[in-house]
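Note that the coordinates shown come from a computational prediction; the quantities given were computed from them, not determined experimentally. Because only heavy atoms are used, hydrogens play no part in the values below, and waters and symmetry mates are left out as well, while side chains stay in. Along the sequence shown, residues are numbered consecutively beginning with 1. Every number for a ligand or one of its atoms is a count from 1 in the order of the listing.
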Amino acid sequence: MPELPEVETVARGLQAVLPGRRILLVRLGLTDFIEDPAALERNLPGAHIESIRRYGKFLLLRLRPGGAEAKELSMQIHLGMTGRLVVCSAEAPIPPHTHVFISLDDGRELRYTDPRRFGCMRLLEGEARDAVLRAVGLDPLGITEAQFREALQCRRARIKALLLDQHVLGGMGNIYTDESLWRARIHPARLAAKLSEEEIHRLFLAVRGVLREAIALRGSSISDFVGPYGSPGEFQRRHRVYGREGLKCFRCESRIRRVVVAGRGSWFCPRCQRAPRNYSVAGGTGRAATAAER
Ligand SMILES: [Zn+2]
């Protein structure tokens, strides 16, 4: 599942080429991941693209409709597990599983390809967009340490669960959560409210550091993720705990372990990241991570 750095990579790539373009035509293949496909075909042609930005883990394409009296329009796009949004020449070969073709006025096409179709696409009219944006948590790259502390410490939950909660922080998923907690030397099952000031400070820096480095490397390509021009990300080479069960910790050489916290496979170093008192690791299993967790 693409997380903040992967979606940000796509957003930045598309933001460099899409604004100002006018949509000429929409062609759809399979549409089971689109809410109201007819609305796309009806409303997109003639609209101008104003911007494309990331919110949490999804993309929002803002459009200025063709008709003067038409309402403001946005298209919300979740890439799901395997979604790809690419701009290319209309003559470029069409990869299998391409289901959305949006023709642009410069002869190029915005194409959406998604083999597993766990993604989702929908058009938001007028105020519907504001409601969607209000539900997204704070952006980890745009907040202060004080906001970060307040968001985490007022809730009684394990730190891993809070970091993953999209209403608390928008954009963090399993990879960057585990990497941040390892970097900050905090066990995923710790209660957020019991973290010390120093630990929160370390975690704040770790989250931002991990996300910024991952964006600089265009995200992690562990399944099918590729950026908007088809180039894979490289941050997976910097993973320190994620998916490394049984391998040595980069800091202390202890063996990385995996437990289930907040319903998710969680990798950590048992020495660098001390478990909370009375915490049983019975939830840990030796099973390999499922595709959904990776
Ligand atoms: Zn360690």
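Between Asp32 and Arg117 a salt bridge is recorded (basic side-chain N to carboxylate O distance below 4.0 Å).
Of all heavy-atom pairs between Met172 and Lys57, the closest is O-CE, 3.4 Å.
For the Zn ion (ligand 1), the neighbouring protein N/O/S atoms at less than 2.8 Å, given as residue and atom, are Cys249 SG, Cys252 SG, Cys269 SG, Cys272 SG.
For the residue pair Arg185/Gln273, the side-chain donor-acceptor check at 3.5 Å is not satisfied. Using modelled atom types, one finds a donor on one side chain and an acceptor on the other under 3.5 Å when comparing Ser74 with Arg129. A donor-acceptor contact closer than 3.5 angstrom is absent between the side chains of Thr177 and Lys160.
Aromatic ring centres of His187 and Phe268: separated by under 6.0 Å.
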